[in-house]
Amino acid sequence: MQLDFLGDLKRTLRCGELRATDAGKTVTLMGWVNRRRDFGNLIFLDLRDRAGIAQIVFDKESNAGIHERASELRNEFVVAVTGTVKLRDAANVNKNMPTGEVEVIATELRLLNESRVPPFLPGDQAVTASEETRLKHRYLDLRRSEMQFNIELRHRVALAIRDYLNSQGFYEIETPYMTRSTPEGARDYLVPSRVHPGEFYALPQSPQIFKQILMISGFDRYFQIVRCFRDEDLRADRQPEFTQIDLEMSFPTEDTVFAVVEGFLGAAFKTAGYEIEKQFPRMSYDEAIRLYGIDKPDMRLPAMTDVREAFPLDVLQTLAADAELPVVAIRIPGVGELSRKERDEHKTLLSEKQSKAIKFFDDFKRLEKSWPDTVAKIKQLTGAAEGDLLVVVAAPQRTEIGDARKSRRQSEEVYKTAGQLRLALAQRYAARHKAFEGKQFKFLWVTDFPMFEWDEQDGRWNAAHHPFTSPHEQDMAKLGGGVAAARDINSALGDMRSRAYDVVLNGTELGSGSIRIHRQDVQSQIFEAIGMDLEEQKNRFGFFLEALQYGTPPHGGIALGLDRIVMILAGAPSLREVIPFPKTAAATDLMADAPTPVSETQLKELGIVVKK
RNA sequence: GGGGUCGUAGUUCAGUUGGUUAGAACGCUGCCCUGUCACGGCAGAGGCCGCGGGUUCGAGUCCCGUCGACCCCGCCA
């Protein structure tokens, strides 16, 4: 088919911008053929661009040549149309479209490009293609109005955040993408060095050390909307490369950091059309575990209640539950009457291991027959109303007796298992309680995380947040057990609380940060507590330990996942819906077909020998 | 690393206890229609049932392996 050149033709406005006020004007529209409808001597052409769809009319009687040409147009062809904007007759107005009051009577048509028949039509109302097909032809998928909206939303959110942080005196400063591997936490993506065969850069998991060094350098308010890389297995809400809103401040307290985050989240949500609380509620880690059984509570549903006091000792004994461990009631409001079959399915919500660790009771009609007072008391303690689902979780018996730390660990297990059951039940009955519907945003700060957590695999304590997190002042004395304490599950390290905090939205961890260590001696002790002797410290973090010795100001910060924020604002089920070119669950790019093998020449240059 | 769901026309799917020539819808091609906008009517093309092996007289269907997509656990300081 004969193609036309654009020549000096100028687009006057976007198709989707056409309005009744343009009536009488001559306009030039450019876009993709969304759909052609022939009707005898008339051709209706829906022309689409990022702003929307306009209807072009080709009339054979008034212009046979252009009508003939228009009949050759196919879906996704790129055209430029010049014509006169005309108000539609009342009968032909389409109220479902912003441009539905007008149409363009075409006087000139230029075909700028053809298109192969696409595997799916970007103009279709709903997604008709599988995700695999969409990802393979991502350029077509991104033409869909939903994706255009998501990407625009992402742009606006990032812009609002930049504006806000700029107004608060933050500089956006870039940090290297090719840096040093400091294998702690996630696996690194490595980049081989040609100049230094056998040596590697690492892509940053976060700009953590660089932003701390920027504080040492006197840039007291830094931020960066920055790509980070982690070579770990994917999930719906985890991509190997993702974008963080990363910030750091000198001389802050927790309050200072919280206020900045509350400020920019307010601006970001406002640009999407939502007002959120000026200040988010706060809760310590211990409280979160006790009330929700998880460190990222979903506040859209009520907390759990310890109902131990409702059970007289003899009842507990009959139920073979342990009085020293928590008895936790889960309440999901407005679920209504459950069938026997539905209640039977509750067992399947927990793993085998979890089921063994707890007992749960959800048949209150039966419990009520034997122990009416207990059930009445539980209802009172939980504030249960008619139609609320109540489940009581108890531990059968203590496995580790005597030691306060051991018993605390087991209590925590009960809370956590109950918390998982709570979430699983909430998910299971989401259609009935409706608490997850609509745009309801429940933010929360979780504070005072444990400094260390026990690493079962390595048999040592590990930094719960990261090893640059400051412990609480009053817990400093618990340090100093040296490398021996690092290997002892019962050492005082397990009691230490840190100045780490998470910002949580509807049960999703949006971001995580801390007040950092600014003293070299403390930093070194923390490294030691996670089993790193001086030699290893010097090898891996020598440059940083040295920098800390040159007048490091107290500092702290946070990093939030931009992708997750946009995902929640868009109401999307996965990060892939808000990332233009995402990876599949197997970390591949279906469109570009990455990763790929590389040539032997390339490998040779890098000094890499691959055994076949 | 482990568990689960899925893979059939360009696309999204159906396909009964294994049994003639593998279907539908949308899309695609051609013709018809002067007011469509999820247009309508008529006609048509389009398939190595992901790939490899096995069981069987016979496999889209059963078994084993493999590749790919998705979800979850582990992992993600």
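Proteins get letters first, then strands, A, B, ... in listed order; numbering begins at 1 in each.
- Scored by the ring-ring contact (aromatic ring centres under 6.0 Å, His included) test, F527(A) finds F541(A) as partners (sequence neighbours excluded).
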What are the atom names and distances for every N/O pair under 3.5 Å that joins the protein to nucleotides 47-50 of chain B?
none

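- Comparing A129(A) and Q125(A) by the nucleotide of RNA chain B whose heavy atom lies nearest to each, the residue mapping closer to the 5' end is A129(A).
- Looking at S524(A), its side chain never comes within 3.5 Å of a backbone N or O of D521(A) through a donor-acceptor pair.
- Within the 4.0 angstrom heavy-atom criterion, no nucleotide atom of any strand lies near Q239(A).
- Note that the CG atom of D89(A) and the CD atom of E103(A) stand 7.5 Å from one another [nearest 0.5 Å].
- Here the separation of C70(B) from G23(B), taken at their P atoms, is 32 Å to the nearest Å.
- Within the shown strands, nothing qualifies as a pairing partner of A38(B) under the Watson-Crick or G-U definition with both distances less than 3.5 Å.
- Between N75(A) and C28(B), a side-chain N or O to OP1/OP2 separation shorter than 4.0 Å is present.
- Here E453(A) pairs with nothing under the salt bridge (Lys or Arg N to Asp or Glu O under 4.0 Å) rule; sequence neighbours left out.
- Ring-base stacking between F44(A) and U36(B) is satisfied, the centre separation being under 5.5 Å and the plane angle under 30°.
- If you take atom P in U61(B) and the same atom in U20(B), they sit 14 Å apart, rounded to whole Å.
- Neither OP1 nor OP2 of C75(B) sits under 4.0 Å from any side-chain N or O of R230(A).
- For the C1' atoms, the distance from A9(B) to G60(B) is 14 Å, rounded to whole Å.
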Less than 3.5 Å apart, which donor and acceptor atoms pair up between the side chains of residues 579-587 of chain A and the rest of the protein, not counting sequence neighbours?
{"residue": "K583(A)", "atom": "NZ", "partner": "E241(A)", "partner atom": "OE2", "Å": "3.1"}
{"residue": "T584(A)", "atom": "OG1", "partner": "A586(A)", "partner atom": "N", "Å": "3.2"}
{"residue": "T584(A)", "atom": "OG1", "partner": "T588(A)", "partner atom": "N", "Å": "3.3"}
{"residue": "T584(A)", "atom": "OG1", "partner": "T588(A)", "partner atom": "OG1", "Å": "2.8"}

Atom pairs and distances, donor-acceptor, side-chain atoms in residues 43-58 of chain A, under 3.5 Å, two or more places apart:
{"residue": "D46(A)", "atom": "OD1", "partner": "R37(A)", "partner atom": "NH2", "Å": "3.2"}
{"residue": "D46(A)", "atom": "OD2", "partner": "R37(A)", "partner atom": "NH1", "Å": "3.3"}
{"residue": "R48(A)", "atom": "NH1", "partner": "N34(A)", "partner atom": "OD1", "Å": "2.6"}
{"residue": "R48(A)", "atom": "NH1", "partner": "E76(A)", "partner atom": "OE2", "Å": "3.2"}
{"residue": "R48(A)", "atom": "NH2", "partner": "E76(A)", "partner atom": "OE1", "Å": "2.9"}
{"residue": "D49(A)", "atom": "OD1", "partner": "A51(A)", "partner atom": "N", "Å": "2.9"}
{"residue": "D49(A)", "atom": "OD1", "partner": "G52(A)", "partner atom": "N", "Å": "3.3"}
{"residue": "D49(A)", "atom": "OD2", "partner": "C15(A)", "partner atom": "N", "Å": "2.5"}
{"residue": "Q55(A)", "atom": "OE1", "partner": "R37(A)", "partner atom": "NH2", "Å": "3.2"}

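- Checking C70(B) for Watson-Crick or G-U wobble geometry (two distances, each under 3.5 Å) identifies G4(B) as its partner.
- Pairing of A24(B), defined by two Watson-Crick or G-U wobble distances under 3.5 Å, is identified with U12(B).
- Across all strands shown, G60(B) remains unpaired; no Watson-Crick or G-U wobble contact has both distances below 3.5 Å.
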Legend entry - Protein proximity profile, nucleotides 67-74 of chain B - base contact B, sugar-phosphate-only contact S, no contact -, cut-off 4.0 Å on heavy atoms: -SSSSSBB
Inset, instruction - Could you please spell out the steps behind the side chain to side chain contact (heavy atoms under 4.5 Å, CB included) verdict for N462(A) and D458(A)? - result: CA-CA 9 Å; N462(A) 215 334; D458(A) 292 4; 5.5 Å; no
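- Between S130(A) and U12(B) there is a side-chain N or O to OP1 or OP2 distance below 4.0 Å.
- In this structure, R35(A) reaches the sugar-phosphate backbone alone: every heavy-atom distance under 4.0 Å involves primed, P, OP1 or OP2 atoms, never a base.
- As rounded to the nearest Å, G27(B) and C39(B) have P atoms that lie 8 Å from one another.
- Taking a 6.0 Å sphere around CD of E577(A), one finds it holds more than 12 heavy atoms contributed by other residues, nucleotides or ligands.
- Taking only side-chain nitrogens and oxygens, R37(A) never comes nearer than 4.0 Å to OP1 or OP2 of A38(B).
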